[in-house]
Amino acid sequence: MNQNYDLGHEYHELIRQVEASKKYRRAFVITLVAALVLALGVIALWWRLRAKPITAQKQGTAAMDTSSMPASSAGNGSGGTSEMPAQPEAPLNPIQLSPQRMQSIGIQVGQVQSKAVSDELRFYGNVQANERRLAYVQTRFAGWIRQVYADATGDFVRQGQPLFTIYSPDLVSTEQEYLLAKKNAASLEQSQIGGVASGAQSLLAAAKARLQQWEIPAREIEKLDRTGEPITNLTINSPVSGYVIEKNALPNMYAQPETRLYTVADLSEIWVLAQVFQNDAGKIKPGNPAEVTVDTYPGKVFTGRVDYILPQMDMATRTVPVRLVFSNSGLKLRPGMYVNVHVKLPLGRQSVAPATAIFHSGTRNVIFAYEGEGNIQPREVELGARVGDDVVITKGIRSGDQIITSANFLIDSEAQLQAAAGAFMPPPPGAGQAAAMNAPAQANIELTTEPSPPHKGNNTVRVKLTSKEGQPLSGAQVTVTFYMAAMPAMGMAAMKTVINASDKGGGMYEGTGDLGSGGTWQVTIAASQNGQLLASKQVSVNATGGM
């Protein structure tokens, strides 16, 4: 009995251990699977977080590449550059101003004129000796200098004036050969032997030619013929009239043929070498008249011309050397002087407008053409050279057209306000009075705000709409638009708030809206009914609260 009990107990104990082992293995497997799932989840999350910046970067790069391509390239898949597209300019819309408004902003009306004009350039230069009027004094034979007559740099010498004397053994030997050949030719002149007389004459001609090749003056050869004695001290004269600017001749000095003994400069005509900036170099041409002034002679003007434009450019200063020629009677312009140069450039007959009439709007130049009765039409123009206070107009407007010559910045601001607020309406024929912009078409408009004046933040606007007879008008759609132009100097962009006023009955319309800043706002009230504009009005209000 006890034995059977023990066996049964052991059997149950074994069964319990097996079940416990199964539960343990099941719990282990579940835990292992959960750990694997958690690890896979962490890996997937890490991969997604890592892939998102790369994708965003690729998308941003693709968007930038697409936006930087021209429209034609982006559409057909052709390659484009990575440059950002330029911001488009605002369209040139016509402007309508009342006479009171034109007077308040100081508008002045001028005219495009056609007249003969000339441009001018002013720059600086240095006086130099005219290289075409320089003479170098050298001998074609070696020898010793005996006496020097022009003995100082800066001396003025005349053509033919003695400069120095020189003794040359080679020259004396040649002179003796010449005298011997001359004597032999004279003695053999009556010879009856064929060829003797002609041979003697040939030797005489060869000896004389040698003296001439050494540039011995004809007067010295004549003296040699007259005296029959060699010239030991040959006098060398100045070949031109001018100033000695270089002197190397000294008494008892041995001079070689390559020795430059004197440099004589004719300063009756001089050069001025000037530096002209690269953007002006294309305007100058040889032959243009030029003037020079020097501080040494107040009020004195020297006239000349442009002689030559040198081909090289100074890489450091980005200037082109220009050579000018001036007469120099009285030697007032001396080499080394610093002078002021004024070059006149005739441009012929051109259409010109005052420089104050040009409005530079980003990448284009605009002129405001005045068409009468407050109508102003902006026109894009192409400009030429500036001539004094005027500018040459090459394209975009004709001679005789009336233009606005002042307050262009204010007109451009007015155009932006009218375009942004949608306040421009073409005036009817014969219009041009102050009411052209604000007069009611079929109704009267009165605007009030709460608080009054409005402030930065939330405001309530009320519009009273009545007919011409003063009767309240209901069932209209009324919008009130607040607009403030951009102020780049203060880092402020343009601001706009549109308020839709609901019908409260009795011709009263009310709405609320937020103003982003204090200051002057341009307010446009428009009322329409059944798609037809009843009236529009534009006013200016000053909001409190600061920027």
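Heavy atoms only: backbone and side chains are in, while hydrogens, waters and symmetry mates are out. Heads up: numbering here begins at 1 and tracks the sequence.
Note: Asp280 CG to Arg122 CZ = 13.0 Å, rounded to the nearest 0.5 Å. Atoms NE2 and OG1, on His342 and Thr303 in that order, are 13.0 Å from each other to the nearest 0.5 Å. Distance check: Arg398 CZ to Ser351 OG gives 10.5 Å after rounding to the nearest 0.5 Å. Atom CE of residue Met508 and atom CG of residue Asp503 lie 10.0 Å apart, to the nearest 0.5 angstrom. One distance of note links CG of Leu473 with OG of Ser467; it measures 5.0 Å at 0.5 Å rounding. Distance check: Ile445 CD1 to Ser536 OG gives 6.5 Å after rounding to the nearest 0.5 Å.
Heavy-atom minimum distance, Pro454 versus Val541: CG-CG2, 4.4 Å. What you find for Ser268 and Arg133 is that their closest heavy atoms are OG-NH1, 3.5 Å. Met495 approaches Ser517 most closely through the heavy-atom pair CE-CB, 3.4 Å. Residues Asn459 and Pro451 approach most closely at OD1-CD, 3.6 Å, considering heavy atoms. Minimum interatomic distance between Val276 and Ala281 (heavy atoms only, all atoms of both residues): CG1-N, 4.0 Å. The shortest non-hydrogen separation linking Val322 to Leu324 is O-CD1, 3.8 Å.
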Quiz item: Can Ile376 and Ile107 be said to form a side-chain contact (heavy atoms from CB on, under 4.5 Å), step by step?
Solution: CA-CA 11 Å; Ile376 300 174; Ile107 288 180; 4.3 Å; yes
Quiz prompt | Trace of the side-chain contact (heavy atoms from CB on, under 4.5 Å) decision for Ile404 with Val109 | solution = CA-CA 5 Å; Ile404 304 299; Val109 179; 4.0 Å; yes
Quiz item: So Phe326 and Val127, side-chain contact (heavy atoms from CB on, under 4.5 Å) or not? Walk me through it.
Solution: CA-CA 10 Å; Phe326 292 86; Val127 177; over 6 Å; no
Practice problem: Applying side-chain hydrogen bond (donor to acceptor under 3.5 Å, both in side chains), run through Ser540 and Gln522 and close with a yes or a no. | Solution: CA-CA 5 Å; Ser540 297; Gln522 301 296 325; 3.0 Å; yes
Practice problem: Step by step, work out the side-chain hydrogen bond (donor to acceptor under 3.5 Å, both in side chains) result for Asn542 and Thr520. | Solution: CA-CA 4 Å; Asn542 294 318; Thr520 302; 2.7 Å; yes
Self-check item: Verdict with supporting geometry, Leu383 and Ile393, side-chain contact (heavy atoms from CB on, under 4.5 Å)
Solution: CA-CA 5 Å; Leu383 305 181; Ile393 309 297; 3.5 Å; yes
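With sequence neighbours left out, Arg462 forms a salt bridge (charged side-chain N to carboxylate O under 4.0 Å, His left out) with Glu450, Glu510. Taking Phe277 as the reference, nothing meets the ring pair (Phe, Tyr, Trp, His ring centres under 6.0 Å) condition, with sequence neighbours excluded.
Under a 3.5 Å cut-off, the side chain of Asp307 and the backbone N or O of Val325 do not form any donor-acceptor pair. Judged by distance alone, the side chain of Thr394 and the main-chain N or O of Glu382 form a donor-acceptor pair under 3.5 Å. Looking only at distances, no side-chain donor or acceptor of Asn130 sits under 3.5 Å from a matching main-chain atom of Leu134. Using modelled atom types, one side-chain atom of Gln529 and one backbone atom of Ser474 make a donor-acceptor pair closer than 3.5 Å.
Residues Ile367 and Ile358 have side chains in contact (heavy-atom distance under 4.5 Å, counting atoms from C-beta outward). Residues Tyr509 and Leu465 meet the side-chain proximity criterion, which asks for heavy atoms closer than 4.5 Å. Taking the side chain as every heavy atom from C-beta outward, Tyr243 and Leu331 approach each other to under 4.5 Å. Residues Lys283 and Asp119 meet the side-chain proximity criterion, which asks for heavy atoms closer than 4.5 Å. By the 4.5 Å heavy-atom criterion applied to side chains, Thr356 and Asp389 are not counted as neighbours. Contact check for Ile403 versus Pro354: side-chain heavy atoms found under the 4.5 Å cut-off. Considering only heavy atoms from C-beta on, Asn530 stays 4.5 Å or farther from Gln532 through its side chain. Residues Leu273 and Trp271 are not in side-chain contact: their nearest non-hydrogen atoms beyond the backbone lie 4.5 Å or more apart.
For Tyr297, the OH atom counts as densely surrounded, since its 6.0 Å shell holds more than 12 non-hydrogen atoms of other residues, nucleotides or ligands. Annotation for Asn458: atom CG counts as buried by contact number, over 12 foreign heavy atoms lying within 6.0 Å. Taking a 6.0 Å sphere around NZ of Lys464, one finds it holds 12 or fewer heavy atoms contributed by other residues, nucleotides or ligands. Counting non-hydrogen atoms of other residues, nucleotides and ligands closer than 6.0 Å to CG of Asn279 gives a total above 12.
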